[in-house]
Number of protein chains: 2
Amino acid sequence: MTDGVVERSRPRDRILETARDMFHKHGIKGVGVDAITEAAGTNKMTLYRHFESKDELIVECLRANAAKAGSMWDAFEAEFPGDKLAQLHAWVRKAAAMLNADGRGCDMANAAAELTEPDHPARLVIKELKEAQRSRLVTLCRDAGIGQAELLADTLSLLIEGARVSVQTVGTEGPSTQFVRMAEGLIVSFRGTAAG
Amino acid sequence: MTDGVVERSRPRDRILETARDMFHKHGIKGVGVDAITEAAGTNKMTLYRHFESKDELIVECLRANAAKAGSMWDAFEAEFPGDKLAQLHAWVRKAAAMLNADGRGCDMANAAAELTEPDHPARLVIKELKEAQRSRLVTLCRDAGIGQAELLADTLSLLIEGARVSVQTVGTEGPSTQFVRMAEGLIVSFRGTAAG
DNA sequence: TCTGGAAGTTACAGACCGGTAACACCCTAG
DNA sequence: CTAGGGTGTTACCGGTCTGTAACTTCCAGA
């Protein structure tokens, strides 16, 4: 069983962790609640005592993913305290490293591809979380003293987003291999144009 | 019924066209074969007389999409015969225009997000079609006299790919609004660096 | 007009889906 | 020791899914 994660912890935590893992690997519609609870070493009733529906579980998984991704920023600040430019380069390296982690792209982007109903609860939190990520990157660029911070942040956003979907379609040997080169080149180029 | 396309043509064509439209709008796993045949004004038996399985129908839809996208290149050549640089700029404009067409991203990327089984027949054709698109863009860049044609083509690929998924997650008002500016800037920048 | 193949119709098989009811169990806090 | 809440178990509901069987209808070409 490759979808283990059956350590002894509270059932809710096991369900959440297992669901995150299985949604990531197999997609949301590719995993049933029965499969999740079985892999989590519990049962369907317990799931529905902690989550009112599969949709709510999906939303909680996305939030948990975002929280984990958010802690990345704290790690950058801890590693390069105050040096925003170094943190930006750390972000580039980290993003590139994640590209080769597995063949699956961004969980939020994948969820948005699968959950097409315009009023699906997950769509709202996806938008909200993606916008938070964007504003975080904008702030980092601005604090790094880059003039057109929004434009650089948006460009980097599109690049990494594109790299992740590219990995999912053609694999790790495609255009995504050039991501670091592109990103570093952009940062240099943007630092060249008048700051502040 | 928003998913019409029930003009009088041969059932196979109607099924293919309807399936393309519905897969695009609602995702692959979000549409059953019954719904497709009903919207196509036919029935399930007829579908299975023309396609041996839903998976084969999916593959045919992806191929049809790619063929349609491929005809785009011919249109560029027709509009700007021999002027490869103008064709490249036409590609940028066309790609940007498609961003605002609807909130759904690239069908192939979405399919790759949904069909997670590593040996799913669709995964192979997605990779093959994406690689064909990439080599086409590389050729266009090279023929336009750009030095680092591969790098520019890959960068543009990641940007448009990222823009399409961005539209799907945060909508048309997000980072994707800057796509044309980014792409045009890149082309200018790459033309600056030594050509052939 | 006859005929053969394509298409339509109905019903069904077998599996899976999300979600619920009823009840037995265990373990900890009082 | 006891009470009660969290958990596990089993069975079930109604619905949907892909795919098939058997049969009828229609229509174009000889």
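Naming convention: chains lettered A, B, ... in sequence-line order (proteins, then strands); numbering from 1 in each chain. Below, all heavy atoms of this structure are taken into account, side chains as well, without hydrogens, waters or symmetry copies.
Helix bend of the helix from C/dT1-D/dA30 to C/dG30-D/dC1: the angle between its two end axes, each built from five pairs, comes to 10° after rounding to 10°.
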Using the side chain to side chain donor-acceptor pair (under 3.5 Å) rule, take B/T18 and B/D21 through it: C-alpha gap first, then chi angles, then the decisive distance, then the call. CA-CA 5 Å; B/T18 307; B/D21 182 57; over 6 Å; no

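Between B/H26 atom NE2 and D/dT16 atom P the separation is 16 Å, expressed in whole Å. As a whole-Å value, the separation of A/R12 CZ from D/dG8 P is 15 Å. With rounding to whole Å, B/I15 atom CD1 is found 12 Å from C/dA6 atom C1'. Rounded to whole Å, the distance from OH on A/Y48 to C1' on D/dG6 is 19 Å. A straight line from NZ of A/K29 to C1' of D/dT16 spans 12 Å, rounded to a whole angstrom. Summarising the geometry, the separation between CG on B/L47 and C1' on D/dT20 is reported as 13 Å, rounded to the nearest angstrom.
Considering only residues two or more places apart in sequence or on other chains, A/T172 meets the side chain to side chain contact (heavy atoms under 4.5 Å, CB included) condition with A/N100, A/V167. Under the rule for a side-chain hydrogen bond (donor to acceptor under 3.5 Å, both in side chains), the partners of A/R142 that lie at least two apart in sequence or sit in another chain are A/E150. For the side chain to side chain contact (heavy atoms under 4.5 Å, CB included) test, residues two or more places apart in sequence or in another chain that qualify with A/A112 are A/R123, A/I126, B/Q168, B/T169. Qualifying side-chain hydrogen bond (donor to acceptor under 3.5 Å, both in side chains) partners for A/E79, counting only residues two or more places apart in sequence or in other chains: none. Applying the side chain to side chain contact (heavy atoms under 4.5 Å, CB included) criterion to A/R93, with sequence neighbours excluded, gives A/F80, A/H89, A/A90. By the side-chain hydrogen bond (donor to acceptor under 3.5 Å, both in side chains) test, A/D55 is found to be paired with A/H120, residues two or more places apart in sequence or in another chain being considered. Residues meeting the side-chain hydrogen bond (donor to acceptor under 3.5 Å, both in side chains) test with B/K84, sequence neighbours left out: B/E77.
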Quick one: side chains of residues 175-183 of chain B, donor-acceptor pairs under 3.5 Å with protein atoms, not counting sequence neighbours, listed by atom name and distance.
from, atom 1, to, atom 2, distance (Å)
B/T177, OG1, B/G174, O, 2.9
B/Q178, OE1, B/R181, NH1, 3.2

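Mapping A/D34 and A/M45 onto DNA chain C via the closest heavy atom, the residue that lands nearer the 5' end is A/D34. If B/N43 and A/V33 are placed on DNA chain C by their nearest nucleotide, the residue sitting closer to the 5' end is B/N43.
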All N/O contacts under 3.5 Å from nucleotides 13-15 of chain C to the protein, with atom names and distances to one decimal?
none

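For the pair A/T46 and D/dT7, the criterion of a side-chain N or O lying under 4.0 Å from OP1 or OP2 is not met.
A heavy-atom distance below 4.5 Å is not found between the side chains of A/E56 and A/P121.
DNA chain D is contacted by A/R49, A/H50 of residues 49-58 of chain A, taking any non-hydrogen atom closer than 4.0 Å.
Applying the salt bridge (Lys or Arg N to Asp or Glu O under 4.0 Å) definition to pairs two or more places apart or across chains, none involves residues 106-116 of chain A.
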